[in-house]
Colleague: 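Quick one: this structure, given as structure tokens, is what I'll be asking you about.
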There are 2 protein chains.
Amino acid sequence: MRKKTTEEYIEIICLLEKQEGRAQTGRIAEAINVKPPSVTEMLRKLEQKGLIVYESYAGATLTPVGEEMARDLLGRHRTFANLLELLGVEGETAETDACQFEHHVSPETLERLRLFLEFLSESPDGRGCLAAFKEFQRHER
Amino acid sequence: MRKKTTEEYIEIICLLEKQEGRAQTGRIAEAINVKPPSVTEMLRKLEQKGLIVYESYAGATLTPVGEEMARDLLGRHRTFANLLELLGVEGETAETDACQFEHHVSPETLERLRLFLEFLSESPDGRGCLAAFKEFQRHER
DNA sequence: ACCAAGATTTAGGTATACCTAAAAATGATC
DNA sequence: GATCATTTTTAGGTATACCTAAATCTTGGT
């Protein structure tokens with residue numbers, strides 16, 4: 001499997017803090033499908049970058065900077081996942097793709113997609129648009 | 001800068017073949033912002049994978065398999081770039097983001113986006129939808 | 001046909017994230 | 001409070017894509 005990025009580590013640490021109260025080495029390792037020693041190593045680097053506090057044998061805690069990053073990532077993730085689901089992508093797939101896109105999107109594009117999502121889900125015209133798209137797809141087949 | 005993937009090499013080789021008749025080491029290196037020796041090394045690997053024929057001191061030529069991959073990538077690229085532009089993302093940015101997304105999208109999502117793009121650009125309802133979105137954005141501000 | 005200039009490859013080295021196996025720390029149980 | 005099972009870290013090693021410097025090939029001008 002591919003090498004994991006800083007962003008992926010930060011996300012999973014955030015998730016574990018929420019779900020389990022703390023982010024332990026072993027749980028992180030499971031979550032991102034990597035062996036524990038690799039996690040220890042990465043946690044040291046994330047600490048150097050000021051994104052987490054790492055306590056030996058205890059685990060990781062996001063710093064304010066890390067939290068900010070996690071919030072940002074989660075926001076990007078939600079934007080993509082919601083948008084894809086609205087367009088009819090199956091839930092599991094939408095999550096998987098969102099997980100990829102969120103790391104590679106420019107601020108400008110993200111903002112535009114956010115707006116489009118808002119348009120689709122919260123305006124009458126947008127909802128009409130989605131209905132029309134559903135109709136369109138039926139005729140495709 | 002980030003490490004380059006097989007897909008990025010294949011794309012640029014395809015582009016150079018079209019634009020310049022052949023894909024030379026040095027030109028590839030410039031294009032992906034890497035030094036020539038790194039390209040030589042990668043070309044060997046791409047040849048191993050059956051994606052190109054590599055002739056020492058002459059350059060690379062896509063095999064049918066490589067061409068197929070390039071076509072696929074170009075298609076994905078166009079889908080994303082067109083979609084983003086339709087939604088109002090500025091041209092240069094749309095290209096850059098498409099370049100990222102194209103490597104990370106699942107077949108299912110891609111197909112859905114293709115359909116949505118077709119809907120937006122080729123059906124009256126779709127064009128109406130875009131007009132409504134433009135209107136919506138004006139009110140945002 | 002030669003030779004210099006330019007391009008490419010070879011040789012050797014770096015950085016990064018991953019791994020396994022072994023050692024050390026933790027903490028639950030008696 | 002000692003012991004043992006579990007978790008984590010340490011130590012040492014692999015793979016990959018990148019680099020620089022030096023050697024080699026190719027080619028255009030004479």
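All chains are named by letter (A, B, ...) in the order of the sequence lines, taking the proteins before the strands, and each is independently numbered beginning at 1.
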Colleague: In whole angstroms, how far is the P atom of dC18(C) from the CD1 atom of I32(A)?
Modeller: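 After rounding, the reported distance stands at 6 Å.
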Colleague: How many Å lie between CZ on R22(B) and P on dA7(C), as a whole number?
Modeller: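 After rounding, the reported distance stands at 11 Å.
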Colleague: When you get a sec, tell me which of dT8(C), dC19(D), dT16(D) is the closest nucleotide to the side chain of T40(B)?
Modeller: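 Of the options given, the side chain of T40(B) lies nearest dT8(C).
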Colleague: Which residue is it: L62(A), I13(A), T63(A)? I am looking for the one with a side-chain contact (heavy atoms from CB on, under 4.5 Å) to L46(A).
Modeller: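 When side-chain contact (heavy atoms from CB on, under 4.5 Å) is applied between L46(A) and each of L62(A), I13(A), T63(A), only I13(A) qualifies.
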Colleague: Can you tell which of dT10(D), dA15(D), dA15(C) lies closest to the side chain of P37(A)?
Modeller: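 Output: dT10(D).
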Colleague: Under 4.0 Å from OP1 or OP2 of dT10(C): is there any side-chain N or O of R44(B) that close?
Modeller: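 Answer yes for this pair, as a side-chain N or O of R44(B) is under 4.0 Å from OP1 or OP2.
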Colleague: Expressed in angstrom and rounded to an integer, what is the separation of L43(B) atom CG from dT8(C) atom P?
Modeller: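 Spelled out: CG on L43(B) to P on dT8(C) is 10 Å.
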Colleague: In whole Å, what is the span from the CE atom of M42(B) to the C1' atom of dC18(D)?
Modeller: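 Taking atom C1' of dC18(D) as the reference, CE of M42(B) is at 11 Å.
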Colleague: State which of dC18(D), dC25(D), dT10(D) makes the closest approach to the side chain of E41(B).
Modeller: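 Out of dC18(D), dC25(D), dT10(D), the nucleotide with an atom closest to E41(B)'s side chain is dC18(D).
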Colleague: Find the distance E55(A):CD to dT26(C):P and express it as a whole number of Å.
Modeller: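 About 10 Å, once rounded to whole Å.
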Colleague: V34(B) near the nucleic acid: base, sugar-phosphate alone, or nothing, with a heavy-atom cut-off under 4.0 Å?
Modeller: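 Sugar-phosphate, backbone atoms only, no base.
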Colleague: Round to a whole Å and report the spacing from CD of Q48(B) to P of dT16(D).
Modeller: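 Computing the Q48(B):CD to dT16(D):P distance gives 11 Å.
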Colleague: Salt bridge or not for E135(B) and R138(B), using N-O below 4.0 Å?
Modeller: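 Yes, this pair counts.
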Colleague: Nearest-Å distance, CD1 (I28(B)) to P (dT8(C))?
Modeller: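 I28(B) atom CD1 is separated from dT8(C) atom P by 9 Å.
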Colleague: If I take atom CZ in residue R2(A) and atom C1' in nucleotide dT16(C), what distance separates them, rounded to the nearest angstrom?
Modeller: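 Checked: the CZ to C1' distance equals 14 Å.
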Colleague: OP1 or OP2 of dT8(D) sitting under 4.0 Å from any side-chain N/O of Q24(A)?
Modeller: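 Checking dT8(D) against Q24(A), a side-chain N or O does come within under 4.0 Å of OP1 or OP2.
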Colleague: Take atom CD of E55(B) as the centre, draw a 6.0 Å sphere, and report whether it contains more than 12 heavy atoms from other residues, nucleotides or ligands.
Modeller: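 Check fails, neighbour count at 12 or below.
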Colleague: Using only side-chain N and O atoms of Y9(A), determine if any of them is under 4.0 Å from OP1 or OP2 of dC18(C).
Modeller: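 For Y9(A), the contact criterion (side-chain N or O under 4.0 Å from OP1 or OP2 of dC18(C)) is met.
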Colleague: Is S38(A) close enough to dC19(C) that one of its side-chain N or O atoms is under 4.0 Å from OP1 or OP2 there?
Modeller: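 Result: yes.
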Colleague: Check the phosphate of dT16(C) against K45(A), side-chain N and O only, distance under 4.0 Å to OP1 or OP2. Yes or no?
Modeller: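 No, K45(A) has no side-chain N/O under 4.0 Å of OP1/OP2 on dT16(C).
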Colleague: Looking at E11(B) and R71(B), does any basic side-chain N land under 4.0 Å from a carboxylate oxygen?
Modeller: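 Salt bridge between E11(B) and R71(B), a charged N being under 4.0 Å from a carboxylate O: no.
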Colleague: Which sits closer to the 5' end of DNA chain C, N33(A) or Y57(A), going by the nucleotide each is nearest to?
Modeller: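 Looking at DNA chain C, the more 5' nearest nucleotide goes with N33(A).
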Colleague: Answer yes or no: is there an ion pair linking E95(A) with R78(A), defined by an N-O contact shorter than 4.0 Å?
Modeller: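 R78(A) and E95(A): salt-bridged.
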Colleague: Measure from the side chain of K35(B), starting at C-beta and using heavy atoms only, and say which of dC19(D), dA21(C), dT8(D) lies closest.
Modeller: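 Per side-chain heavy atoms of K35(B), the pick is dC19(D).
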